[in-house]
Amino acid sequence: MVSSQISPSKTSRRSKPPASALQVQHDLLKSILDHVADPIFVKDSEHRLIYGNKALSEILGRIPEEYIGKNDKELFPSEQVEVFWEKDNHVFETGEVDVNEERLTDSHGKMHVISTKKTRCTMGGHKPVIVGISRDVTALKEVERLKNEFIAMISHELHTPLTSIHASLALLSSGTVCELPKETEVMMNIAYKNSERLVRLVDEILDIEKIEAGMLHPRTEVLCIAKFLAQAIEENSAYGQKYNVLFKLGEVPVQCLVVADANRLMQVMANLLSNAAKFSKRGGKVVVLASVTRKSRVRIEVRDSGAGISDKFRSRIFQKFSQGDTSATRQHSGTGLGLSITKKLVEAMSGEISFTSKLGKGTSFFVELPMAKEAKVTVRRYGTR
C-alpha cells in the first residue's frame, strides 16, 4: 500500500509563498536592463548613483555594491565631477534633455569617451531623479580621428599641385597663351571647371580641419549690417546670374551695427546665397533681410522660394558631407561641406544659425550675431573706405 503522506521536503517547497506580482515585474525589468548593451544609470538630486545596469558596472570596472549610493566625488576625478554636476544641475532645474559627450576614467585608469543622454524623471510623490543612457564611443572617435587625419593629409598634399593646375587651365581657357581650336577649347573649359570644383573641395576640407583643430580665431569687428549685406549681394551676384536667380536686399535696419569677423561673415553669406541660388527655380528670387531681436542680437535672414528641405534630411543638414538625396538636389554639384562650415563659422563668432522650411514653398536660414553699440567701439562700416 502506497502511503498518501507527503514528505516534509515536498511540503516545505509547496508551502513557500509565491512571489508577488511586483517582485516578478522588478526581476523582469532588472533582467531586461542588464541585457541592454549600453550603460543605464539613475542619479538623485544629491548626485548619488541609485541604480546602474550590468553595462555600467562593466565600464566602471566595479560591482554595484561599490558604487550604488555613492556620490560622484567618491567615484570620479574632481575635474570630471565639475562637468557632471554642471550638466546634471541644468537638467534638474530646467527639465531639458541633455545630450553630451563626456570623458570618463574607469577604475583601471583608462579613458573612455561616453555619449550620454540625460532626462529628468519624476514618479508619483517621489523626488525627481536623472535617468541617463550612455554609449561608449571611444572606438568610433578613434576611427573618426584617423579618418580626419587621412583626409587632412591628402588635402594638404593635393592643394599645391591642384592650385597650379587650376591656374594653368585658367590661362589656357582664357586664350591668353595661345588660340585654341574650337574642340580643344570646349574640352579645356570642362577641365577648368572640374579643377575649380576640386580646388573648392580641398579648400573646404582644409577650412573644416582648421576649425576643428581650434585654429580659427575670428577678429572682433563692428560692421554696419545694411552696408555689409549690400556688399555681400554685390559680390555674389554672379552666382545668382549663373542660375538665373535674383538676389535682392529686403528690409534692413540702416543704423544697426553687428559684432563679427567681416571676412568670415562674408564666407557665411557666400555659402548661404550660393545654396539658395542652387535650389531656387530659374527666374526665382532670393531675399536677404535683417532685424533686431528682443535679446539685442542681429538676425540675418536668407530666404528662397525653392523646393524646401525634406523632413528626413533636416536633422543632418549641418553635418559634414551631408546632402539631400532627392532627384532635385542631385541635379546640383556640391561637397556637402558648405553648411557644416557655415555653422562652425557662425558659432566661432558667438552666433547661432537655424532654418525653417516648407516643401514646395522654400527655405529661410537665420543667422543671429551680437549687436554692438557705436558709443563703445570703433566702427568699421563694411563696403566704405
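Residue numbers count from 1 along this sequence.
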Worksheet entry | Working for side-chain contact (heavy atoms from CB on, under 4.5 Å), residues His26 and Leu29 | CA-CA 5 Å; His26 175 273; Leu29 180 60; 5.9 Å; no
Item to complete: Decide side-chain contact (heavy atoms from CB on, under 4.5 Å) for Val302 and Met269; before the verdict, give the C-alpha distance in whole Å, the side-chain angles of both, and the deciding distance to 0.1 Å.
Response: CA-CA 8 Å; Val302 177; Met269 293 304 300; 3.9 Å; yes
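Taking OG of Ser357 as the start and CG of Asp311 as the end, the distance is 8.5 Å to the nearest 0.5 Å. Note: Ile32 CD1 to Asn53 CG = 12.5 Å, rounded to the nearest 0.5 Å. Taken to the nearest 0.5 Å, the CG atom of Asp38 stands 12.5 Å off from the NZ atom of Lys117. Here Glu102 contributes atom CD and Ile114 contributes atom CD1; the two are 8.5 Å apart, rounded to the nearest 0.5 Å. Rounded to the nearest 0.5 Å, atoms CD (Glu65) and OG (Ser57) are 8.5 Å apart. Rounded to the nearest 0.5 Å, atoms CD1 (Ile190) and CG (Leu169) are 12.0 Å apart.
For the pair Ser237 and Phe247, the tightest heavy-atom approach, listed with the atom from each and the gap, is CA-CD1, 4.1 Å. Nearest heavy atom pair, residue Met349 against residue Pro218, reads CG-CB, 4.0 Å.
For Phe76, the ring pair (Phe, Tyr, Trp, His ring centres under 6.0 Å) criterion is met by Phe84, not counting sequence neighbours. Every residue was checked against the ring pair (Phe, Tyr, Trp, His ring centres under 6.0 Å) condition with His112, not counting sequence neighbours, and none meets it.
Looking only at side-chain heavy atoms (C-beta outward), Glu96 and Val91 stay at 4.5 Å or farther from each other. No side-chain heavy atom of Asp27 sits less than 4.5 Å from a side-chain heavy atom of Val24.
Ring geometry, Phe355 versus Phe318: the interplanar angle exceeds 60°, so the pair is classed perpendicular (tilted spans 30 to 60°).
Distance alone, capped at 3.5 Å, is enough to place a donor-acceptor pair between the Ser195 side chain and the Tyr192 backbone.
Residue Asn236 is tested with Leu272, Asn271, Leu273, Val286 for a side chain to side chain contact (heavy atoms under 4.5 Å, CB included); the sole match is Leu273.
Residues Tyr239 and Ile233 share a hydrophobic cluster, clusters being chains of Ile/Leu/Val/Met/Phe/Trp/Tyr side chains in contact below 4.5 Å.
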